[in-house]
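Starting from 1, each residue takes its place in the sequence as its number.
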Amino acid sequence: MVELVAAVVGNSPLPCTVRSGGRVPHEIAPCRIVNIGSTGGKVAMPGFGAYSGAKFAMEAVSDSLRREVEPFGVAVVVIIPGAIRAKLTERGNATAVRLIAGMTPEQRARYAGLTTVFRATTESWGADGLDASVVADVVSRAIRERRPRTRYTVGRDAAVMTRLTHLVSDRLLDRMVRRTMGL
């Protein structure tokens with residue numbers, strides 16, 4: 001949630017619009033706000049509810065802000081990466097270990113399958129995910145393009161997951177997610 005609050009508070013277009021008199025003159029580079037979303041903001045995976053909630057909120061804030069500031073020449077872009085090798089994976093696994101250790105024996109038995117799959121999923125991101133520099137390249141592209149898209153997906157998994165949400169029913173997507181995760 002801290003990330004969402006930082007995006008809302010930190011992405012004020014005011015300095016850009018004040019500098020440009022409410023619009024971006026031709027000689028001033030366009031103003032851009034680039035938010036980093038996630039496939040977790042498109043599809044909520046089992047065990048990732050809090051993370052997905054923050055990323056869904058980031059999507060909503062970005063959409064609202066884009067519609068608010070576009071008349072002032074400010075473009076709001078969301079980058080949606082798929083699996084990326086990042087410190088977030090290590091922190092997520094450390095948190096999972098701590099939470100599992102604090103469970104009662106009944107809770108451990110009930111959630112054993114989910115916790116095993118959660119850790120295996122995040123570990124696979126750390127091993128098989130794209131390098132973060134790939135995301136940085138897409139951010140750079142979004143900043144440099146004359147007329148950036150509103151969203152950029154990074155990685156094949158992000159492109160597939162994002163499109164699936166529009167092509168299949170929620171129930172079918174639920175089954176696909178569970179089957180993919182081995183639940």
Side-chain angles (χ1 to χ4, degrees), residues 1-11 34-64 77-139 142 150-183:
M1 272 317 202
V2 171
E3 184 179 305
L4 176 64
V5 172
V8 173
V9 174
N11 279 336
V34 178
N35 288 327
I36 306 299
S38 169
T39 54
K42 298 293 186 182
V43 178
M45 307 291 273
F48 293 86
Y51 175 79
S52 287
K55 290 303 185 176
F56 271 87
M58 175 70 76
E59 290 279 336
V61 167
S62 297
D63 286 346
S64 178
V77 175
V78 180
I79 308 297
I80 305 168
I84 303 295
R85 289 188 306 270
K87 294 278 185 210
L88 177 65
T89 302
E90 294 169 21
R91 288 193 308 262
N93 278 332
T95 300
V97 167
R98 191 178 75 249
L99 291 173
I100 293 165
M103 289 180 172
T104 66
E106 296 83 25
Q107 290 170 323
R108 267 194 223 115
R110 184 180 313 126
Y111 291 105
L114 181 60
T115 57
T116 300
V117 167
F118 176 90
R119 294 197 58 210
T121 299
T122 56
E123 286 170 7
S124 76
W125 294 341
D128 304 327
L130 295 173
D131 190 77
S133 66
V134 177
V135 177
D137 290 343
V138 175
V139 169
T150 59
R151 284 178 175 71
Y152 294 80
T153 56
V154 183
R156 190 175 140 216
D157 58 334
V160 168
M161 290 300 279
T162 300
R163 284 176 183 78
L164 270 178
T165 62
H166 300 290
L167 298 174
V168 301
S169 70
D170 287 347
R171 299 268 187 225
L172 178 56
L173 186 58
D174 292 349
R175 286 192 302 273
M176 293 169 74
V177 165
R178 283 193 303 270
R179 188 176 313 124
T180 299
M181 292 183 78
L183 294 172

Residues, nucleotides or ligands: over 12 heavy atoms within 6.0 Å of Tyr111 OH: no

Rounded distance [0.5 Å steps], NZ in Lys55 versus CG in Asn35: 8.5 Å

Shortest non-hydrogen contact from Ser38 toward Tyr51: OG-OH, 3.1 Å

Heavy-atom check, side chain of Val135 versus side chain of Ile84, under 4.5 Å: yes

Shortest non-hydrogen contact between Pro46 and Leu114, atoms and distance: CB-CD1, 3.7 Å

Residue pair Tyr152 / Ala142: nearest heavy atoms and the distance that separates them: CE1-CB, 3.7 Å

Nearest-0.5 Å distance that lies between atom CZ in Arg163 and atom NZ in Lys42: 11.0 Å

Val43 vs Leu164, side-chain contact (heavy atoms from CB on, under 4.5 Å): CA-CA, chis, key distance, verdict: CA-CA 9 Å; Val43 178; Leu164 270 178; over 6 Å; no

Spatial distance of atom OG (Ser62) from atom CZ (Arg151) [nearest 0.5 Å]: 7.0 Å

Considering all heavy atoms, the nearest Gly82-Thr39 contact: CA-CG2, 4.1 Å

Nearest-0.5 Å distance that lies between atom CG in Asp157 and atom OG1 in Thr180: 11.5 Å

Side-chain donor/acceptor of Ser64 to backbone N/O of Ala60, under 3.5 Å: no

Residues Ile80, Glu59; criterion side-chain contact (heavy atoms from CB on, under 4.5 Å); working and verdict: CA-CA 10 Å; Ile80 305 168; Glu59 290 279 336; 3.8 Å; yes

Step-by-step side-chain contact (heavy atoms from CB on, under 4.5 Å) determination, Val139 to Ile36: CA-CA 9 Å; Val139 169; Ile36 306 299; 3.8 Å; yes

Heavy-atom donor-acceptor pair, Thr165 side chain to Thr162 backbone, under 3.5 Å: yes

Least distance between heavy atoms, Ala44 atom then Ser52 atom: CA-OG, 3.4 Å

Atom pair CZ/CG of Arg178 and Leu173 - distance to nearest 0.5 Å: 10.0 Å

Donor-acceptor contact below 3.5 Å, side chain Arg108 vs main chain Ile100: yes

